[in-house]
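Just so it is clear, the structure is predicted and the values come from calculations on it, not from any experiment. Atoms considered below: every heavy atom in the structure, side chains included; atoms not considered: hydrogens, waters and symmetry mates.
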Amino acid sequence: MKTLADRYNPQEVENKIYQWWEKSGYFKAEDKSTKPPFSIILPPPNVTGFLHLGHALDHTIQDLLIRWKRMSGFNTMWLPGTDHAGIATQSVVEKELKKTGITRHGLGREKFVEKIWDWKHEYGDRIYGQMRRLGDSCDWDRATFTLDEGVSQAVRKVFVTLFKKNAIYKGLRLVNWSGPLETAISDLEVEHKQIKSFIYHINYPVDGTNEFLTIATTRPETMLGDTAVCVHPDDERYQHLIGKTVTVPLINRKIKIIADTYVDKEFGSGVVKITPAHDFNDYKIGKTHKLEFINLLTKKCEMNENAGPYQGLKVIEARKKVLEDLKALELLAKEEPHVNSVGHCSRSGAVVEPFLSEQWFMKMNDLAGPAKRVVESGTIRFEPESWTKVYLHWMNNIEDWCVSRQLWWGHRIPAWLCADCEKNTVSETDPTTCEHCGSQKIKQDEDVLDTWFSSALWPFSTMGWPNTESHSAETQQTFYPTNYLVTGHDIIFFWVARMIMMGLEFKKDVPFRTVYIHGLVRDSQGRKMSKSLGNSVDPIDMIEKYGADALRFTFLAHLYSGKDLKFSEQRVEGYRNFMNKVWNGSRFVLSNLHDFKVPVEGVNALPSKTEISVFDQWIIAKLAEVEKQVHDCLEAERFSEAATALYQFVWNQFCDWYIEFTKPIMNSSNAAEKQATQLVMAQVLNRTIRLMHPFCPFLTEEIYANLPIKGEACII
RNA sequence: AGGGAGUUAGCUCAGUUGGUAGAGCGCGACCCUUACAAGGUCGAUGUCGCAGGUUCGAAUCCUGUACUCCCUACCA
């Protein structure tokens, strides 16, 4: 036996061990097996991204579960993948190109998409390398990218099927719009920031009288698109004006005074201007009162021809000019300072404008019903349970999903518009003629699908659906539904809910049984980690400094029921020390087994009680306790409790007491007594190491390799 | 505004059926005792946010209240 260094050195061990695991095929799942299945699909990280602490936490939990189940005799499949992340990736590559003076439009769609693929090929596997550093025991052969051929097939089949059921339609709607990116964006991509601004009170002359109606607004430029002003039906001040008209200053359009209970009599002047094409609330009013929708903006968010003299100005410039002109007309009654939260595009930083545009939508009501019921009935369980309420609340307020994005990177919408009959041909395979009139003048829709569309199909598209050849069929048969979905609470609606709906619709079964929601990783002061704050920590740095096992143990030991986790390096250092303690305890045991004879009874045989001392009996009893505790805690997803139990057993019981006890025995001349204790300590170490393996796989595997008592690899 | 979570030792947090307050880090003293100084032994530290209530007994249950945080929606 070689001599082991008196300090555990992760750098020397981790790479070597990981390569050996991978080469030996330990992570591979079997499509057909007599073992019970256990599967997890990894939430796919952004293909251009780096592994951050949030991923590291997320992956550690999944790897713990997978390794534990694998060691418990399950046929485990942990399927890795990456996401094309449409808007995020496109803007990253676009920014890079800009540095060399090239614009997306200058390059053209085809060339630009090629550039992104180049980028993907260059950096797409970077995150897989980082996952290996962490010890993720994924079945790499099954790694999937959301733009892979198989996934594309799934996407098309789902789109076409839903379209034929009238569950997907095209319509003119108000959406969040990012000017710089020239696309609709999802609510998730909108960040609200508190902005100090003003409320402007503007006088609208009432036609045929000398009266004014004073309206208040934070966005005066939108008045150019006003198509009504609204008062509360019970407001006595304005009863006599309902039904009359006012003239919008600057553009001199006559618009009606309408009444709706939406207006708060107490707020401001009690009169609201209605701009249905540029405000979500006004949009609803516009719909109910059948108002005209006047769009004021171009796709770049500049004022368009409907803005008259303001055409060509940016929103902010238009605002300034409108105010100046109002002042000149003495129609600006007053301005008050005001703080309100304004939506910003999380990718470009620009202010998000509500913008009227033609988009594809998915009807959600019919899909939501079953998805609610499986959670209500407990077929899908949220852990912690409190997220159930959040989920159901969202599902009860569900709205149709805008699935189209005006991007170039993503799954292109499988719809071909006919120039002759102006109808769409929606098809799984590229058509050559219009299915309505037979014309050949058809052109594919320019838009791509929201990234979350392909994400929603992830649990089964990764398993080969809709392909029915035997291999995929077996994979689905064995591993669908998966056992766990592990993710943060920020995407319960955007992702978790949609996977449930799609799984039920297309696989007739839930995509997973348990949704384990963990908290977010924050800095030691509880702030969000971000580049701009300079407080973000690179998990790879932590791994290099303290080892992957220490980082993993840190997460697991502080993972309490969905709470956010404040990350401090000091803590990683503490668990690094613990790893070293395990190392040295093992080293002591190993150094005392030189003359130990492995019993013929087998590797798991423990000496009978009569042959061993009370200390031996005590440590065996304690080991049994901690084994049960760890098992129970993992079953109940109480990871920190399991980690703490291990920590205390190893340090306070095995090292502090038991090892001290064995020292005189190891020096004893009584060979039988020594052999008995050697067997106990070897066996206890063996079982402890295996118990710890899902928590700190590298260290334990390295120790296991040196144990005289064992079967095969630790992880089996 | 609505919803959720939290308030326990200097710091970060445990404390699952109510029964004499716990861990890690940090701090103090002493130890190179043949696995480990990334270590060992010993030690100090808390009216468990505040106020009531239920109980023989409450950090734990109930009511109220203060403060903090998160999510969703934002008032023209």
Practice problem: Using a 4.0 Å cut-off on protein heavy atoms (strictly under), produce a 5'-to-3' string for nucleotides 71-76 of chain B with B for base contact, S for backbone-only sugar-phosphate contact, and - for none. | Solution: -S-BBB

Quiz prompt | Atom pair distance, as rounded to whole Å: CG in A/Asn9 and P in B/C36 | solution = 17 Å

Exercise. Using the test side chain to side chain contact (heavy atoms under 4.5 Å, CB included), find all partners of A/Thr388 that sit at least two apart in sequence or belong to another chain.
Key: A/Val375, A/Phe382, A/Glu385, A/Leu392

Quiz item: Who are the side chain to side chain contact (heavy atoms under 4.5 Å, CB included) partners of A/Asn667, not counting sequence neighbours?
Solution: none

Practice problem: Would you mind reading off the distance between A/His518 atom NE2 and B/A5 atom P, rounded to a whole angstrom? | Solution: 19 Å

Exercise. May I ask you to decide if A/Ser455's main-chain N or O and A/Trp495's side chain share a donor-acceptor pair within less than 3.5 Å?
Key: yes

Exercise. Name the closest nucleotide to the A/Lys581 side chain, picking from B/A38, B/U41, B/C36.
Key: B/C36

Quiz prompt | salt bridge (charged side-chain N to carboxylate O under 4.0 Å, His left out) partners of A/Asp226, counting only residues at least two apart | solution = A/Lys273

Exercise. Tell me what A/Cys655 touches on the nucleic acid: a base, only sugar-phosphate, or nothing, going by heavy atoms under 4.0 Å.
Key: base

Quiz item: Roughly how many Å is it from OH in A/Tyr658 to P in B/A35, rounded to a whole number?
Solution: 15 Å

Quiz item: Rounded to whole angstroms, how far apart are CD1 on A/Ile659 and C1' on B/G39?
Solution: 13 Å

Practice problem: List for me each residue that meets side chain to side chain contact (heavy atoms under 4.5 Å, CB included) alongside A/Thr261, sequence neighbours excluded, and say none if there are none. | Solution: A/His232, A/Pro233

Quiz item: How far does the P atom of B/C31 sit from the matching atom of B/G22, given to the nearest Å?
Solution: 30 Å

Quiz item: Relative to the 5' end of RNA chain B, which residue comes earlier, A/Phe654 or A/Asp564, by the nucleotide with the nearest heavy atom?
Solution: A/Asp564

Exercise. Would you classify A/Glu660 as touching base, sugar-phosphate or nothing, given that sugar-phosphate means primed atoms plus P, OP1 and OP2, and contacts are heavy atoms under 4.0 Å?
Key: base

Quiz item: Who are the salt bridge (charged side-chain N to carboxylate O under 4.0 Å, His left out) partners of A/Glu236, not counting sequence neighbours?
Solution: none

Quiz item: Using atom C1' of each nucleotide, how far apart are B/U72 and B/U63 to the nearest Å?
Solution: 28 Å

Quiz item: Looking at A/Phe553, A/Tyr8, A/Tyr546, A/Trp651, which one forms a ring pair (Phe, Tyr, Trp, His ring centres under 6.0 Å) with A/Tyr575?
Solution: A/Phe553

Exercise. Report yes or no: is the cationic atom of A/Arg552 (NZ for Lys, CZ for Arg) closer than 6.0 Å to the six-membered ring centre of A/Phe695, at no more than 45° off its axis?
Key: no

Quiz prompt | Structure string for RNA chain B in dot-bracket form, Watson-Crick and G-U at under 3.5 Å, | interchain | solution = ((((((((.[[[[.)...(..]]]].(((((.......))))).....[[[[[..)....]]]]])))))))....

Exercise. With C1' as the reference atom in both, quote the distance from B/G52 to B/C30 in angstrom, rounded to an integer.
Key: 49 Å

Self-check item: C1' atoms of B/U45 and B/A9, separation to the nearest Å
Solution: 6 Å

Self-check item: Listed partners of A/Trp387 passing side chain to side chain donor-acceptor pair (under 3.5 Å), at least two apart
Solution: none

Self-check item: Donor-acceptor pair, side chain of A/His344 and main chain of A/Val342, under 3.5 angstrom
Solution: yes

Quiz item: When rounded to the nearest Å, what value does the distance between P atoms of B/U60 and B/U8 take?
Solution: 13 Å

Quiz item: In chain order, what residues pass the salt bridge (charged side-chain N to carboxylate O under 4.0 Å, His left out) check against A/Asp490, with sequence neighbours excluded?
Solution: none

Exercise. Check salt bridge (charged side-chain N to carboxylate O under 4.0 Å, His left out) between A/Lys265 and all other residues, then give those that pass, not counting sequence neighbours.
Key: none

Quiz item: What string of B, S and - do you get for nucleotides 21-34 of chain B, 5' to 3', when a contact is any protein heavy atom under 4.0 Å?
Solution: ----S---------

Self-check item: Same-atom distance (C1') from B/A66 to B/A51, integer angstrom
Solution: 10 Å

Quiz prompt | Rounded distance (Å) that lies between atom C1' of B/C11 and atom NZ of A/Lys566 | solution = 10 Å

Practice problem: For B/U47 versus B/A21, give the span between their C1' atoms, rounded off to a whole number of Å. | Solution: 13 Å

Practice problem: Rounded to whole angstrom, note down the C1' distance from B/A14 over to B/C75. | Solution: 44 Å

Practice problem: Could you tell me which residues satisfy side chain to side chain contact (heavy atoms under 4.5 Å, CB included) with A/Val315, sequence neighbours excluded, listed by chain and number? | Solution: A/Glu221, A/Leu297, A/Arg319, A/Glu353

Quiz item: Rounded to the nearest Å, what distance is computed from the CZ atom of residue A/Arg7 to the P atom of nucleotide B/A35?
Solution: 17 Å

Practice problem: Report the distance from atom CD1 of A/Ile517 to atom P of B/C70, rounded to the nearest whole Å. | Solution: 19 Å

Quiz prompt | Integer-rounded Å distance: B/C36 C1' and A/Asn584 CG | solution = 4 Å

